[in-house]
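As a basis for the values below, the full set of heavy atoms in this structure was taken, side chains included, without hydrogen atoms, waters or symmetry mates. Order of listing sets the numbers, starting from 1, for every ligand and every atom in it. As the structure is a computational prediction, the values presented were derived from the model and not from experiment. By convention here, the first residue in the shown sequence is residue 1.
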Amino acid sequence: MKFPYISIFISLMSLALVSTHAALPSELYWKSKLPTTQMPKAITDLLNSTGKGKVNGTSNSGYPFFYYGYAANKSQLHDNPNVGLFFLKKDLHHGTKFNMQFTKTSKYGASFLSKQVATSIPFSSNKLKNILNHFSIKNGSYESEFVKSTITVCEMPAIKGEEKLCVTSLESMVDFAASKLGNNVEAVSTQVKNESSVLQEYVIAKGVKRLGEKNKTVVCHKVNYPYAVFYCHKTDKTKVYSVILEGVDGNRVKAVAVCHTETTQWSHNHLAFQVLNVQPGTEPVCHFFTQEHVVWISK
Ligand SMILES: *[C@@H]1O[C@H](CO)[C@@H](O)[C@H](O)[C@H]1NC(C)=O
Ligand SMILES: *[C@@H]1O[C@H](CO)[C@@H](O)[C@H](O)[C@H]1NC(C)=O
Ligand SMILES: *[C@@H]1O[C@H](CO)[C@@H](O)[C@H](O)[C@H]1NC(C)=O
Ligand SMILES: *[C@@H]1O[C@H](CO)[C@@H](O)[C@H](O)[C@H]1NC(C)=O
Ligand SMILES: *[C@@H]1O[C@H](CO)[C@@H](O)[C@H](O)[C@H]1NC(C)=O
Ligand SMILES: *[C@@H]1O[C@H](CO)[C@@H](O)[C@H](O)[C@H]1NC(C)=O
């Protein structure tokens with residue numbers, strides 16, 4: 001039986017290759033700008049990803065949930081995977097149950113482009129033709145719709161109290177976060193222990209932990225695009241928490257959640273208000289993040 005040895009040998013070889021791989025310019029940039037900040041899994045997944053950038057939906061409506069101007073209509077409440085992510089601050093404690101789904105995402109993750117390459121590709125609604133051409137995407141196709149809606153959301157004005165930027169490289173994300181929060185920051189993302197992706201019940205385990213002390217946060221949401229693009233925004237009057245969620249099938253999720261104490265500027269028909277049945281500007285609204293989003297807090 002020669003075969004197993006050969007495959008073990010090949011595995012060892014590839015391990016050796018991984019461990020000696022030269023650091024990418026974007027990793028070096030991170031280390032020089034944020035020497036005390038560990039890279040969250042959401043980022044390392046995209047650096048090592050060979051993902052060609054499968055453009056596919058995480059939102060079944062025009063706008064994603066993190067866009068504060070997002071108005072959902074009744075029909076969109078059904079089959080919306082984001083519905084379960086919202087909850088009220090008063091429910092952020094041991095024992096609260098949620099129905100949620102943490103789909104495996106990294107496999108489809110579109111990788112980061114180097115900053116140099118990313119800045120050479122237009123990213124603007126009036127350059128759509130060039131963008132579609134560049135990625136050989138046919139106008140009118142399913143993919144072209146995602147490209148268009150991502151750019152549309154990126155070009156929407158920020159609401160009062162929000163500062164936003166869509167970043168097309170890791171370097172730009174680092175710059176945005178550091179410009180808003182300084183260099184002494186923590187970057188976290190939700191981590192799923194054994195990637196079970198079924199929609200099921202999760203319960204909050206003991207030990208809800210607040211991350212950071214300042215009531216401001218930069219969150220970078222991964223958006224659908226042929227390469228890694230994040231919608232980053234800084235919001236005040238937010239608090240970030242780390243909680244362990246235990247799934248009924250034994251899956252454990254170290255989840256990041258954010259609570260907003262100020263929601264008066266949000267669309268009055270925002271999905272969150274409809275799901276939670278509260279009025280804007282009343283009770284604090286919280287939501288969990290799935291694995292692909294990056295949350296920044298100052299230490
Ligand atoms: C990704 O690459 C980094 C170095 O760039 C390495 O430290 C890490 O182990 C790799 N992660 C995976 C999952 O291969
Ligand atoms: C996107 O995902 C849906 C199911 O979630 C699938 O039916 C569809 O074929 C996918 N489209 C592409 C372009 O991958
Ligand atoms: C809800 O929004 C969807 C997608 O934007 C649209 O197709 C549908 O007609 C709307 N339904 C109602 C009742 O407005
Ligand atoms: C794509 O097709 C639509 C409808 O035919 C047209 O209005 C639009 O200008 C086209 N966009 C590009 C970038 O070619
Ligand atoms: C997740 O891991 C736990 C403990 O290792 C195991 O009991 C459970 O069956 C796993 N669940 C899935 C869906 O793989
Ligand atoms: C954070 O918000 C709380 C009220 O929720 C307030 O008491 C506290 O002073 C704020 N802290 C900072 C650093 O602004």
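Distances below 4.0 Å separate heavy atoms of K129 from the following atoms of ligand 4: 13 (C).
A single hydrophobic cluster is not seen to contain both I244 and V248; linkage of ILVMFWY side chains at heavy-atom distances under 4.5 Å, directly or through other members, places them apart.
Disulfide criterion (SG-SG under 2.5 Å) for C166 and C232: not met.
Put simply, atom 5 (O) of ligand 4 has no protein non-hydrogen atoms near it, under 4.0 Å away. The presence of a protein heavy atom under 4.0 Å from atom 14 (O) of ligand 4 is confirmed.
Checking N139 against K148 by side-chain atom types alone, a donor-acceptor pair falls below 3.5 Å.
Under 4.0 angstrom from ligand 6, the non-hydrogen atoms of K239 all belong to its side chain.
Closest to atom 1 (C) of ligand 6, if we only count protein heavy atoms, is N215 ND2, 1.4 Å. Protein heavy atom nearest atom 8 (C) of ligand 4, with residue, atom name and distance: N139 ND2, 3.8 Å.
Taking the charged nitrogens against the carboxylate oxygens, E163 and K234 do have a contact shorter than 4.0 Å, which makes a salt bridge.
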Notebook entry, point to check: Do S189 and Q191 pass the side-chain hydrogen bond (donor to acceptor under 3.5 Å, both in side chains) test, and can you show the C-alpha distance, the side-chain angles, and the key distance before you say yes or no?
Noted result: CA-CA 6 Å; S189 63; Q191 268 182 273; 5.6 Å; no
